[in-house]
Every structure is written in structure tokens, then in C-alpha cells.
Amino acid sequence: MTAQDLTGRTAIITGGSRGIGLAIGQRLAEAGANVVLTSRDQESADAAAAQVNGNALGVAAHVAEDAAARRCIEITLERFGSIDILVNNAGTNPAYGPLIDQDHGRFAKIFDVNLWGPLLWTSCAVKAGLGERDGHSGVVLNTASIGGMSFAPLMGMYNATKAALIHITKQLALELSPGIRVNAICPGVVRTKMAEVLWKEHEQGLSVTTPLGRIGEPADVAEAVLFLVSDASSWITGQTLVMDGGRILGDATGFRAGLA
């Protein structure tokens, strides 16, 4: 047994059918966890579970719907008997563009999925017994973004939801202490379908200006998540872990030139 052994514990990952969510599910399963992956449709959820080497279950659940969240919690308890880890990973960005060009429909959708969703699922999980097992704290992990710490053209609405999620992470860490730890991750540009607009036509330029010389991969994020949901981080709560290859520090090219 190691501090990152999750044998006997059960994790729910919302938005787990692809990209970062699927990579997290695969990594937690490798560490011994039972994993439940949610997607908006059952076919996608089942396909994701089939890609996990371990005990995995796919459940169709729209992240912003109360009934869907409660149903997923119930299915998880029936199948695995407990909920020990919740990864609020589902996200969307229908509001790409200037803030003054947004309408209420896009505003409502992005805040429902990116902010209400994590609150809803955390509430349901806590009320279903998250953090009540002997010997281990319950864990909530929220997928935020470095956008929640900075500003970027056309990303204002998305970044506002992630800034709010970072704040809520800290609030929940206090409200749910000491039995439940709550942390957030803040990825930079990662090779996912959702983030294609940020990297697909610009990867070379992004890589050159990023201190570590490349964009992120879902597996990079998954490794950090394993640490944060395991006993290896048992004295960490209310924190946001930035994983962006150093990009939030700024353009690295000028510094490299100075060393040439």
C-alpha cells in the first residue's frame, strides 16, 4: 500500500467520456479506484468506461440537472457501496467571444454547467455520505482553469466561471472541513477537443512561448489529480494547483534568448 493507492475507494468523474475527464478516470482506476464516468448520453458513457482498465461504470447524466445528479449518486452507491472522491470536471464554453456580445441564454448555460454543476454534485455527494468512511477524508476536486486567474481575448465569460469556481473551492474547503478536502486544478492549454480553438492552429507558437516547451496532455493533468485525491495530499485543502507548463509566468522566449 502507498499513499496514492486508491483500492476500495470510489470516484465519480463528471464529464468523463473524453479528454481530461477520461484520463483522470483511467489513472484513478490504475491506482485501484472504482470509477464512475458521466456523459450526457449513455452510449458515450459506456464507451468511456470500456476504455478504463479496472472497475468502471458509465452513467448518462447532464451535469446541471438535479434529478440526473441524484440518480448517478444512487447508481454509484448501489454498484460500489460508497462515494469517496468527486471530480467536478464537466465544463462547456458556448460563450466564446466578447462579453458585450453575449446573450442571457449563453450566460445561463455556461454558469449552469461550469459553476452550478460542481455545487450541485458536491451537495448531492456530501448528503449521500462523502467523507463518512473511517480512515480517509472525502475528497472533492474541481477542474478550474488558469483563465480564472488571468484575462484573455474572447474568453471572458468562461474565465469568469472558472474564477468563481476557484472562489467556491475555497469556500467549500472551509464549510466541509475537517471531514472533506476540497481543491481545484487550473490547467493551461491541454490537447482536448474542447480546447481545440486555443491550440489546433497555434500549437507551434504556443509551444515555443511556453517555458516547458509544449502544450499539456490529458495524462499530465490526471497524474496531478491522483496526487490531490489520494492520501499523499491529506494535509492539503482549499488550494488551486496550476498545471500549464509555466505559461502563466509569461512568454519564455526572451529569457531563453538571454541565455544563448
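Remember, predicted model here, so these are calculated numbers, not experimental data.
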Non-hydrogen atoms of [X] and [Y] that approach each other most closely:
X    : Y    : value
I215 : S207 : N-OG, 3.9 Å
A56  : A49  : CB-O, 3.8 Å
T7   : D5   : OG1-OD1, 2.6 Å
I20  : P187 : CD1-CG, 4.5 Å
G238 : K170 : O-NZ, 3.3 Å
L241 : A224 : CD2-CB, 4.0 Å

Distance, nearest 0.5 Å, that separates [atom1] of [X] from [atom2] of [Y]:
X    : Y    : atom1 : atom2 : result
I12  : I75  : CD1   : CD1   : 9.5 Å
T237 : L176 : OG1   : CG    : 8.5 Å
T161 : W116 : OG1   : CH2   : 15.5 Å
H136 : S230 : NE2   : OG    : 10.5 Å
D220 : R191 : CG    : CZ    : 10.0 Å
L37  : D46  : CG    : CG    : 10.0 Å

Quick check: do [X] and [Y] have side-chain heavy atoms less than 4.5 Å from each other?
X    : Y    : result
N142 : V182 : yes
M157 : L99  : yes
N93  : M155 : yes
T14  : V87  : no
L57  : V35  : no
I185 : V225 : yes
C186 : I166 : yes
P218 : V190 : yes

Are [Y] and [X] connected in a single hydrophobic cluster, I mean Ile/Leu/Val/Met/Phe/Trp/Tyr linked by side-chain heavy atoms less than 4.5 Å apart?
X    : Y    : result
M149 : L212 : no
V221 : I146 : no
I168 : L86  : yes
F107 : L165 : yes
V208 : I248 : no

For the side chain of [X] and the backbone of [Y], is there at least one donor-acceptor N/O pair under 3.5 Å apart?
X    : Y    : result
K162 : G147 : no
Q102 : P98  : yes
T169 : A184 : no
D251 : T253 : yes
N89  : G15  : yes
S82  : D84  : no
S39  : S44  : no
N183 : Q239 : yes

Carefully, step by step, assess T10 and R79 under the rule side-chain hydrogen bond (donor to acceptor under 3.5 Å, both in side chains).
-> CA-CA 10 Å; T10 298; R79 176 70 174 270; over 6 Å; no

Sequence neighbours excluded, the answer for ring pair (Phe, Tyr, Trp, His ring centres under 6.0 Å) partners of F227 is none

Counterpart residues, ring pair (Phe, Tyr, Trp, His ring centres under 6.0 Å), relative to Y158 (two or more places apart) = none

For [Y], is there an ion pair with [X] - N to carboxylate O distance below 4.0 angstrom?
X    : Y    : answer
D66  : R71  : no
R214 : E203 : no
E30  : R27  : yes

Over 12 non-hydrogen atoms of neighbours within 6.0 angstrom of CD in Q42 | yes

Among residues two or more places apart or on two chains, list those pairs meeting salt bridge (Lys or Arg N to Asp or Glu O under 4.0 Å) that have a residue in residues 102-114.
-> D103-R106

Name every donor-acceptor pair, under 3.5 Å, that has one atom in a side chain of residues 118-129 and the other anywhere in the protein, sequence neighbours excluded.
| from | atom 1 | to | atom 2 | distance (Å) |
| --- | --- | --- | --- | --- |
| W121 | NE1 | V63 | O | 2.8 |
| T122 | OG1 | N88 | ND2 | 3.2 |
| T122 | OG1 | P118 | O | 2.7 |
| S123 | OG | K127 | NZ | 3.4 |

So, [X] versus [Y]: side-chain donor-acceptor pair below 3.5 Å or not?
X    : Y    : value
T209 : R247 : yes
D231 : S234 : no
S233 : R181 : yes

All salt bridge (Lys or Arg N to Asp or Glu O under 4.0 Å) counterparts of R40, not counting sequence neighbours = none

Residues forming a side-chain hydrogen bond (donor to acceptor under 3.5 Å, both in side chains) with Q51, sequence neighbours excluded | none

Go through the steps to decide whether L77 and I83 satisfy the test side chain to side chain contact (heavy atoms under 4.5 Å, CB included), and finish with yes or no.
-> CA-CA 7 Å; L77 292 174; I83 302 168; 3.9 Å; yes

Going by the side chain to side chain contact (heavy atoms under 4.5 Å, CB included) test, name the single residue among N34, L6, V52 that passes it with L28.
-> L6

